[in-house]
Structure formats: structure tokens, C-alpha cells
There are 2 protein chains.
Amino acid sequence: MKFSTRSTYGLRAMINLAQNWQKGSIPLSAIAKNENISLGYLERIFAVLKKAKLVKSEKGASGGYVLSSSPGDIDVYSIINALDGEASSFHCMDEGGKVYCNEKCECSVEPALLKISQAISAALKNIKLKDLI
Amino acid sequence: MKFSTRSTYGLRAMINLAQNWQKGSIPLSAIAKNENISLGYLERIFAVLKKAKLVKSEKGASGGYVLSSSPGDIDVYSIINALDGEASSFHCMDEGGKVYCNEKCECSVEPALLKISQAISAALKNIKLKDLI
DNA sequence: AGAATACCAACTAATTTAGTAGGATATATG
DNA sequence: CATATATCCTACTAAATTAGTTGGTATTCT
């Protein structure tokens, strides 16, 4: 289970923003250069992060992105969940955690997969950006 | 971060084996039918699980697969790690946990990604097959 | 002998991923 | 006001991965 580059890039960028939090808006071009990530790709990643209300943007010269709340209030789960879909869920599990592997599914594995899912979510929710600086 | 069907199928099959542990070898055809998974695909999944020494096989009629140790001794981390590569690692992180996003990488995110990686691994190592029956 | 099983390799269609290209819109600053 | 610097938006593409199929071979129980 590897994280996609999308998640990885997103996380690295968010950590970058957290490190420069007091400096106000940071343009993506700076982050792209810092982290050696393609600017165009990073733009689309930030479109998602913005939609998830994890960052705010300011247009125009000297604009850029800022965290929408303090590094202590944003957890890793939210970031990964926004970028790679429902974090720690399984192929045969829908958004609510319901398993649908069989038609007549009184599926014996449902509680098992759910348990694993929740363990990972809990672990990620417990890590805040502040802890990663 | 979704688990691939490979991991999901593998987990479901392993849970199935754990449930039938006392019955000895179970043929893949039974699991495939039970779990509604394509037999050919399941065969390749079990080739990996066997290589990782998580299951043992017996050829021939009335053969099949058994867990290599008791359901209390096999954890979810081992299964997912075998099937989907180093569990909870990142795009820019090699097997040892070293980050290589930049050439001149005294990379500031390395400890961060490592911390996340380890949190997930720990959560998964803590769940045994026995806990999922 | 025959059936059931593990084991193995090659091929394929579909999807996802990561990245590129080219622009439109907004805004701070000289 | 002009310009540079941003976000924002859409479409395209090459590469990789994924899930699955097919057609076998080797082994062993009955």
C-alpha cells in the first residue's frame, strides 16, 4: 500500500506551508521549486485541497496559498483523504464503510475490513501538521 | 488511499483461511467461489503469499492452502506488505524509509513521512487474523 | 486412469497516474 | 495604466498499473 505521488506531493506541500505559516501567502511556484514538483501538477493538487477547505488562496501578484487553519488543527487524515479518496478503505467497501463483495452479502469480512480501516484512520487523524514540522 | 483489489482479495482470502483453520488445506477454488473472486487472479495472489511464507500449499487432489502459522500469529501488516509492497510508504521513499525527493536532499519532510509510515505500520501490525474472525 | 489441485507464463482491455500545454482571470506594484 | 505574478481551468498524452483471461504443466489423491 503505497501512497500515490499525489498524496505525497500534497503532504510535502502542506508541510512546507506549515513551516512558513507566519509568512502569509506562499505562491505555488516557490513550493514547486522547493520540493521539485511540476507546477502544473501541483496546481491541480491544490485545487482539491482548496475544495476540501484545507487551504485558502489569494490571486494576483504576491498572492498564493495559506493553510486555512493553524498547523495544530489540520491532520494528515484530512489531507490524504481529500487527495486519494476515502483513506484506508477497501476495494469492496463503499464510502459509508459498507462491504459489497457478494450480492447476498452478509459478508463475513465486513467487520474485519472496517476494523482495519478505522485503525488507519485513527492513526492518521492523530498526526497534525504541527507534529511534522 | 485505497487498498488495491489485490490486497483486499488477499485479506479476504486469508480471513477465510483463518476461519477454516482447523479443517486443514482449503483449495483456492473454494475460496474463489466463497468470495466471488476470479480463480486465476487468486492463484497469482497466493503465489505471492506463499513466497512471503504466510501460507503453505499442498499439491494434488484434496490439496490446497493452509496458513503457515496460527491466526493469532499472522498480522495484517504482513499480508498487505507482501501484496502491495512496503505498506504505508511514500512515493519518494525507498524501502529503508529514506526519502529522495531532491538530489541535495537533506529533505525536511523525511522525518514527517517516516512518522506517518510508522504510525500506519504499527496500527496494522497490531491487528492479527485472529482478531478478524 | 482420471480428477482435482497447485503452479506458471503470456496476453489484453481498462483504468489510473503523472505530467504537459495553453490559455483565461485576477491583483499588487512600479 | 501596464506589467508581472498569481490562481484557475480544460484538454491532451505517455506510461504504468490493475484486474482479468487463457492455456497450459506438474503433482497427487482416490
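- Counting to the nearest Å, the P atom of dA19(D) and the CG atom of Asn36(B) are 15 Å from each other.
- What separates CZ of Phe46(A) from C1' of dC8(D) is a distance of 14 Å, to the nearest Å.
- Heavy atoms of Tyr65(B) sit under 4.0 angstrom from primed sugar atoms or phosphate atoms, though from no base atom.
- Here the P atom of nucleotide dT7(D) and the NZ atom of Lys51(A) are 19 Å apart, to the nearest Å.
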Expected rows: protein N/O vs nucleotides 27-30 of chain D N/O, under 3.5 Å:
residue	atom	partner	partner atom	Å
dT28(D)	O2	Ala61(B)	N	3.3
dC29(D)	O4'	Ala61(B)	O	3.4

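- Side-chain N/O atoms of Lys56(B) and Ser68(B) include no donor and acceptor closer than 3.5 Å.
- Between the side chains of Asn81(A) and Ser78(A), not a single donor N or O lies within less than 3.5 Å of an accepting N or O.
- Between the P atom of dT7(D) and the CD1 atom of Ile45(A) lies a distance of 13 Å, rounded to the nearest Å.
- Using modelled atom types, no side-chain atom of Ser7(B) and backbone atom of Phe3(B) make a donor-acceptor pair closer than 3.5 Å.
- There is a side-chain donor-acceptor pair under 3.5 Å between Asn16(A) and Asn34(A).
- Of all heavy-atom pairs between Ser57(A) and Lys50(A), the closest is OG-NZ, 3.1 Å.
- In this structure, Phe46(B) and Tyr65(B) have tilted ring planes: the angle between them lies in the 30° to 60° band.
- Using a 4.0 Å cut-off between charged nitrogen and carboxylate oxygen, Arg6(B) and Asp84(B) count as a salt-bridge pair.
- One atom, NZ of Lys50(A), and another, P of dA26(C), lie 12 Å apart when rounded to the nearest Å.
- Remark: C1' of dT5(C) and CD1 of Ile26(B) are 13 Å apart, rounded to the nearest angstrom.
- Between the C1' atom of dC9(D) and the CG atom of Leu42(A) lies a distance of 16 Å, rounded to the nearest Å.
- For the pair Arg12(A) CZ and dA18(C) P, the interatomic distance rounds to 12 Å; values are reported in whole Å.
- Residues Ile133(A) and Val76(A) fall into different hydrophobic clusters, defined by Ile, Leu, Val, Met, Phe, Trp and Tyr side chains chained together at heavy-atom separations under 4.5 Å.
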Between the protein and nucleotides 9-14 of chain C, list every N/O to N/O distance that falls short of 3.5 Å.
none

Shorter than 3.5 Å, N or O on both sides, protein versus nucleotides 15-18 of chain D: list them out with atom names.
residue	atom	partner	partner atom	Å
dT18(D)	OP2	Arg6(B)	NH2	3.2

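- Nearest heavy atoms, Ile31(A) versus Ala13(A): CG2-CB, 3.8 Å.
- Between the CG atom of Leu54(B) and the CG atom of Leu49(B) there is a distance of 6.0 Å, given to the nearest 0.5 Å.
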* To do: I would like to know whether Leu39(B) and Leu28(B) meet side chain to side chain contact (heavy atoms under 4.5 Å, CB included); could you show each step before the answer?
  => CA-CA 7 Å; Leu39(B) 176 60; Leu28(B) 280 193; 3.8 Å; yes

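- At a threshold of 4.0 angstrom between heavy atoms, the contacts of Ser29(B) are confined to the sugar-phosphate backbone, with no base atom among them.
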